[in-house]
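Note that these values count all heavy atoms, side chains included, but never hydrogens, waters or copies made by symmetry.
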There are 2 protein chains.
Amino acid sequence: MALRYALIGLLLDRPGSGYDLARRFAEVVGAYAWDAKHSQIYPELRRLEEEGLIEVVERGARRRTTYACTAAGLSALRAWLVEPPASTGGVRNEHVLRLFLLAALGRDEALTVLRQTEAAAAAQVEHLTDQFVRLQEATGSDAGGPLGLTVQYGIHSYRATAQWARWAIEQVEGDPEFGVRPPG
Amino acid sequence: MALRYALIGLLLDRPGSGYDLARRFAEVVGAYAWDAKHSQIYPELRRLEEEGLIEVVERGARRRTTYACTAAGLSALRAWLVEPPASTGGVRNEHVLRLFLLAALGRDEALTVLRQTEAAAAAQVEHLTDQFVRLQEATGSDAGGPLGLTVQYGIHSYRATAQWARWAIEQVEGDPEFGVRPPG
DNA sequence: CACCACATGTAACGCGTTACATGATTGT
DNA sequence: ACAATCATGTAACGCGTTACATGTGGTG
C-alpha cells in the first residue's frame with residue numbers, strides 16, 4: 001500500500017512520467033523513505049489512473065506519459081496519512097538483527113563491529129548535516145522545506161545510533177565474560 | 001538471508017523446536033529485530049539441517065523436533081556478522097515515508113500527526129526503559145545482557161524520534177506557508 | 001550512423017503473509 | 001468428553017527484485 005502513496009505524493013510535488021519518478025526514487029526518495037524500480041512503478045501508475053487517483057496530463061515522444069495527481073488522489077493520500085499506521089506486527093530490520101546477534105561473536109570481533117557501526121553513523125551525521133545546510137540555502141527556509149524535515153530525521157536517527165554504539169562499546173569493554181563458546 | 005541467521009542465533013542461545021522458535025519471535029525478537037511465522041520457520045529449519053548448520057538433538061512427543069546450532073552454524077553466523085551488511089540499495093521505511101509526505105497535509109493536520117508521533121515515541125521510551133531495568137535485575141548486569149544492548153538501541157532510537165518531532169513541530173508552527181493547495 | 005539516454009514493458013524468482021489443514025497431548 | 005495448547009505442514013497470494021526485451025530521439 002505504501003508505494004501508491006509515495007507515487008501520489010511525488011506527483012503532488014510535480015507531475016512526471018514513470019521514468020521520471022523512477023529517477024526521483026533512485027536519486028532522492030530512495031535514500032530516505034521508500035524505493036521502487038520502474039518495473040513496479042509502471043503497472044502501479046496504470047492502476048492509479050484507472051482508479052482516478054492520478055491522471056494523464058501529457059503524451060510526448062517515445063511513448064512518454066506524464067501523470068499528475070487528481071483531487072481524489074490528494075484526498076486518498078491525506079486519508080492514509082491521517083489514519084493510524086497499521087501495526088505491522090513484528091519488526092524486520094536487518095541492522096538491529098545484527099546488533100541482537102552480536103553476542104555470538106567473540107569480544108574483540110564484537111568491539112570491531114561496534115566501532116564500525118559508530119564510525120559509519122558519525123559519517124552519516126556529517127553527510128546529512130551538509131545536505132541539510134544546502135537545503136536551507138536552496139529553500140531559504142530554516143526547516144529546509146519538506147525534504148528538510150526528513151533529512152533532519154535522518155540526522156537525529158544516526159546521531160542516536162552513534163551514541164548508542166559508544167555506550168555499547170563501554171559495556172562490552174567492561175564485561176570480560178562477553179561472547180559465547182562454540183557448541184559441541 | 002536474514003532469517004537463517006536469526007534462527008541460528010536463537011538456537012545458539014538455546015536449542016529449540018520450530019514451535020518454540022516461533023514463540024520466541026512472537027514474544028521477544030519480533031518486537032525488536034526480526035519476525036517470522038511458523039510457516040516460514042519449519043521449511044528453513046529443514047534446509048539448515050540439510051546444510052549441516054543446525055542439527056536434530058531430540059525427537060519428542062507430537063512430532064516435536066528440537067534443533068541445536070552446530071559448529072558450522074556458528075561459523076556461518078560469525079562470517080555473516082563480520083561481513084559488511086550488503087547495501088540494500090534504497091530504504092523502505094513506511095514511517096519515514098509518512099513523514100516525507102507530511103507536506104501534503106494542511107498545517108493543522110500535519111501538527112496533529114507530529115504530536116501523535118512525539119507522544120507515541122515518548123511512550124515507547126518509557127516502556128523500553130522499564131523493560132531495560134527489569135533486564136538489568138534479571139541478568140545482574142548493567143548492560144542487561146545481549147538483549148539489553150538491543151533494548152537500549154530501541155530507547156536511543158525512540159528518544160531521537162521524539163526529539164525530532166518536537167523540533168519539527170516548532171518548524172511547522174513557525175511556518176504559516178506550510179502545506180499545499182489541492183490541484184486542478 | 002553510432003551511441004547513449006530516454007522510455008516502457010514482461011517474466012521468473014524470492015521472501016513473507018494469511019489462510020487452510022491435520023493431528024497429538026494435557027488438563028478439567 | 002471436551003477444549004486448549006502443542007506441533008507441524010501446505011497453498012495461494014502480494015510485494016519487490018533482477019533479468020530480459022523492445023523501441024525512440026538527440027548528439028557527436
Side-chain angles (χ1 to χ4, degrees), chain A residues 1-8 10-11 15-27 29-31 33-51 54 56-67 80 85-94 97, chain B residues 1-8 10-11 15-27 29-31 33-51 54 56-67 80 85-94 97:
Chain A
M1 282 287 84
L3 172 63
R4 49 176 40 216
Y5 298 110
L7 289 169
I8 294 172
L10 287 175
L11 291 177
S17 64
Y19 188 87
D20 177 41
L21 292 165
R23 256 192 332 199
R24 290 196 233 172
F25 274 113
E27 290 171 7
V29 188
W34 202 264
D35 198 18
K37 318 289 183 197
H38 75 272
S39 57
Q40 206 185 352
I41 292 169
Y42 290 120
E44 188 65 32
L45 286 173
R46 270 179 263 136
R47 278 190 289 271
L48 288 168
E49 204 244 321
E50 277 168 33
E51 294 171 39
I54 64 175
V56 176
V57 292
E58 193 198 327
R59 293 189 191 273
R62 293 174 235 181
R63 303 172 65 198
R64 191 181 70 248
T65 309
T66 305
Y67 296 92
W80 181 74
S87 92
T88 55
V91 169
R92 283 195 324 283
N93 183 327
E94 184 178 313
L97 176 62
Chain B
M1 285 287 86
L3 173 62
R4 49 177 39 214
Y5 298 109
L7 289 170
I8 294 172
L10 287 175
L11 291 178
S17 63
Y19 188 87
D20 177 40
L21 292 165
R23 255 192 331 199
R24 291 198 233 171
F25 274 114
E27 290 170 8
V29 188
W34 203 264
D35 198 19
K37 318 290 180 193
H38 75 272
S39 56
Q40 208 185 351
I41 292 169
Y42 289 119
E44 188 65 30
L45 286 174
R46 269 179 265 136
R47 277 191 289 270
L48 287 168
E49 204 247 320
E50 278 168 33
E51 294 171 38
I54 64 174
V56 175
V57 291
E58 194 197 327
R59 294 189 191 273
R62 290 174 243 188
R63 305 171 61 197
R64 191 180 70 247
T65 310
T66 305
Y67 295 92
W80 180 74
S87 92
T88 55
V91 170
R92 281 194 327 281
N93 182 327
E94 184 177 316
L97 176 63

Legend entry - Footprint string (nucleotides 18-28 of chain D, 5' to 3'): B base within contact, S backbone only, - free, heavy atoms under 4.0 Å: BB----BS---

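In this structure, the side chains of A:I54 and A:L7 stay at 4.5 Å or more apart for every pair of heavy atoms.
At a threshold of 4.0 Å, the pair A:E49-A:R46 does not count as salt-bridged, since none of the basic side-chain nitrogens sits closer than that to a carboxylate oxygen.
Taking CE of A:M1 as the reference point, atom CH2 of A:W80 lies at 10.0 Å (rounded to 0.5 Å). Interatomic distance, CD of B:E51 versus CZ of B:R4, reported as 4.0 Å (0.5 Å rounding). To the nearest 0.5 Å, the span separating CG on B:L21 from CZ on B:R24 amounts to 5.0 Å.
Spacing between atom CG of A:L21 and atom P of C:dC6 amounts to 14 Å, rounded to whole angstrom units. Between B:R92 atom CZ and C:dG16 atom P the separation is 10 Å, expressed in whole Å. With rounding to whole Å, B:M1 atom CE is found 15 Å from D:dT17 atom C1'. Atom pair A:E94:CD and C:dG16:C1' shows a separation of 15 Å (rounding to whole Å applied). In this structure, the CZ atom of B:R59 is 17 Å from the C1' atom of C:dA24, given to the nearest Å. In this structure, B:E44 places its CD atom 8 Å from P of C:dC15, rounding to the nearest Å. If you take CH2 of B:W34 and C1' of C:dT17, they are 14 Å apart, rounded to a whole angstrom. Rounded to an integer number of Å, the gap from A:D20 CG to C:dT8 C1' is 14 Å.
Contact annotation for B:R4: no contact, since no heavy-atom pair falls under 4.0 Å across all strands. Residue A:R23 is classed as a sugar-phosphate contact, given heavy-atom separations below 4.0 Å to backbone atoms only. Among the protein residues, B:R46 comes within range of the sugar-phosphate backbone only, with heavy atoms under 4.0 Å from sugar or phosphate atoms but none that close to a base.
Under 4.0 angstrom from either OP1 or OP2 of C:dT8 there lies at least one side-chain N or O belonging to A:Y42. Side-chain nitrogen and oxygen atoms of A:Y19 include at least one within less than 4.0 Å of the OP1 or OP2 phosphate oxygen of C:dC6.
With distances taken from any side-chain atom of B:Q40 to the nucleotides C:dC15, D:dC6, C:dT10, the minimum falls on C:dC15.
Residues satisfying the ring-ring contact (aromatic ring centres under 6.0 Å, His included) test with A:F25, not counting sequence neighbours, are none.
The two atoms that bring A:A36 and A:L3 nearest to each other are CB-CD1, 3.7 Å, heavy atoms only.
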